[in-house]
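First the proteins, then the strands, lettered A, B, ... as listed; each starts at 1.
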2 protein chains.
Amino acid sequence: MSNNRVSYQEVLENFKALLRSNNLKYTKQRELILEIIYENRGHFTPEDIYNLIKMSYPDIRLGIATVYRTLGLLEDAHIVSSISFGAQGKKYEFGLDDHHDHLVCLKCGGIEEFFDETIEKQQERIAQAHNFKMTKHIMKIMGICSACQGK
Amino acid sequence: MSNNRVSYQEVLENFKALLRSNNLKYTKQRELILEIIYENRGHFTPEDIYNLIKMSYPDIRLGIATVYRTLGLLEDAHIVSSISFGAQGKKYEFGLDDHHDHLVCLKCGGIEEFFDETIEKQQERIAQAHNFKMTKHIMKIMGICSACQGK
DNA sequence: GTTAGTGCAAATCGTTTGCACGGTT
DNA sequence: AACCGTGCAAACGATTTGCACTAAC
């Protein structure tokens with residue numbers, strides 16, 4: 001599902017251009033956050049990302065607030081997308097919000113992704129029928145994943 | 001969508017029986033919370049419910065914690081169901097979780113409900129294809145409702 | 001040198017919890 | 001009388017914010 005075709009160089013250049021055109025500054029922290037989420041494909045909490053960077057780059061000064069601020073930036077720019085877990089916070093993943101959905105395991109917390117054309121089409125039909133201008137949709141199927149069913 | 005066929009008397013008796021069979025006590029607070037959410041059909045935050053009760057019954061002692069505790073109870077018993085809005089909390093509505101989904105307006109915060117057989121079926125197919133034991137699913141279509149599109 | 005970004009700690013917000021008191025059974 | 005439920009206030013956990021300092025431009 002993730003967009004593996006885009007090289008990190010390309011992603012980084014895009015990000016730099018975006019920063020430039022918004023009078024924002026290019027900092028080591030911002031680069032590292034993007035790099036970490038690009039390299040370690042998967043779904044991470046802001047704290048996960050903070051810890052990964054602290055581990056990989058012990059000498060870089062970094063506060064959790066910067067991680068939150070940068071993730072907001074990256075999400076607005078559609079470079080990363082997030083999935084919400086209510087009071088338990090959000091998880092972020094690299095990639096544009098290409099309308100894929102999630103299977104969430106209630107036992108292990110693991111996340112599988114899927115894309116289903118039938119559902120996408122039907123959502124558009126429903127929105128139309130309600131005269132609703134859809135900008136986003138969320139679908140989560142929760143249950144027990146195959147790996148956890150044996151336990 | 002809501003189950004208007006069930007009378008309040010019936011609902012209340014069910015709730016009382018449930019409490020009895022779990023060695024829980026029947027209190028004025030618990031009754032009022034159920035009553036308020038039954039009477040005012042719609043989607044309410046715990047705070048909404050707290051305020052509604054405070055307004056309608058100024059002489060009843062009530063703490064917000066009791067509202068949270070009772071809503072948890074009612075949700076476990078499938079008497080009410082909730083929809084989550086991330087860090088912004090949950091909204092509760094009367095009625096069993098009969099697998100209906102929501103259209104959420106990003107402008108006015110309003111919620112419309114819908115039920116779609118095609119989507120329900122497709123979700124089951126997807127879960128099966130991933131060997132996933134589905135226990136619950138969430139679907140939210142977000143955008144601008146018809147009323148807000150003029151503004 | 002100007003402006004934006006940072007870490008830190010304090011603040012926020014929805015929710016939960018410990019506890020002594022009060023109500024239900 | 002026994003036990004559960006309650007309100008209150010403090011605790012919580014994820015996130016945001018005010019601020020003085022630092023780094024990018």
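- dT15(D) atom P lies 11 Å from atom CG of D48(A), rounded to whole Å.
- Rounded to an integer number of Å, the gap from NZ of K16(B) to C1' of dG5(D) is 17 Å.
- Side-chain contact between H100(A) and E93(A) is present, with at least one heavy-atom pair separated by less than 4.5 Å.
- In this structure, N14(A) and I79(A) have side chains that are not in contact, with every pair of non-hydrogen atoms separated by 4.5 Å or more.
- You won't find any donor-acceptor pair under 3.5 Å spanning the side chain of K90(B) and the base of dT15(C), going by distance alone.
- Summary of the strand contacts: Q88(B) and K25(A) both lie near DNA chain C, and taking for each the nucleotide with the nearest heavy atom, the more 5' one is attributed to K25(A).
- For the pair E31(B) CD and dG5(D) P, the interatomic distance rounds to 16 Å; values are reported in whole Å.
- Computed from coordinates, the Q29(B) CD to dT24(C) P distance equals 8 Å when rounded to whole Å.
- Between Y68(A) and the phosphate of dT15(D), there is a side-chain N or O to OP1/OP2 separation shorter than 4.0 Å.
- At a threshold of 4.0 angstrom between heavy atoms, the contacts of L62(A) are confined to the sugar-phosphate backbone, with no base atom among them.
- Ranking dC25(D), dG18(D), dA14(D) by closeness to the R69(A) side chain, first place goes to dG18(D).
- Computed from coordinates, the N22(B) CG to dC3(D) P distance equals 17 Å when rounded to whole Å.
- Residues E75(B) and L71(B) are not in side-chain contact: their nearest non-hydrogen atoms beyond the backbone lie 4.5 Å or more apart.
- Where A87(B) and N23(B) meet DNA chain D, the nucleotide closest to each residue was compared, and N23(B) sits on the side nearer the 5' end.
- The local environment of NZ in K133(A) is sparse, with at most 12 non-hydrogen atoms from other residues, nucleotides or ligands closer than 6.0 Å.
- Each of dA9(D), dA23(D), dC4(D) was ranked by its minimum atom distance to the side chain of A65(B); first place goes to dA9(D).
- Contact check for I111(A) versus F85(A): side-chain heavy atoms found under the 4.5 Å cut-off.
- Between G63(A) and E47(B), the residue anchored nearer the 5' end of DNA chain C, judged by the nucleotide with its closest heavy atom, is G63(A).
- R30(A) comes within contact range of the sugar-phosphate backbone alone, with a heavy-atom separation under 4.0 Å but no base atom that close.
- Residue T27(A) places at least one side-chain N or O under 4.0 Å from the OP1 or OP2 atom of dT6(C).
- At whole-Å resolution of the value, CD1 in I64(A) and P in dG5(C) are 19 Å apart.
- Remark: P of dA23(D) and NZ of K28(A) are 14 Å apart, rounded to the nearest angstrom.
- Here dG13(D) presents its P atom at 19 Å from CZ of F85(A), a figure rounded to the nearest Å.
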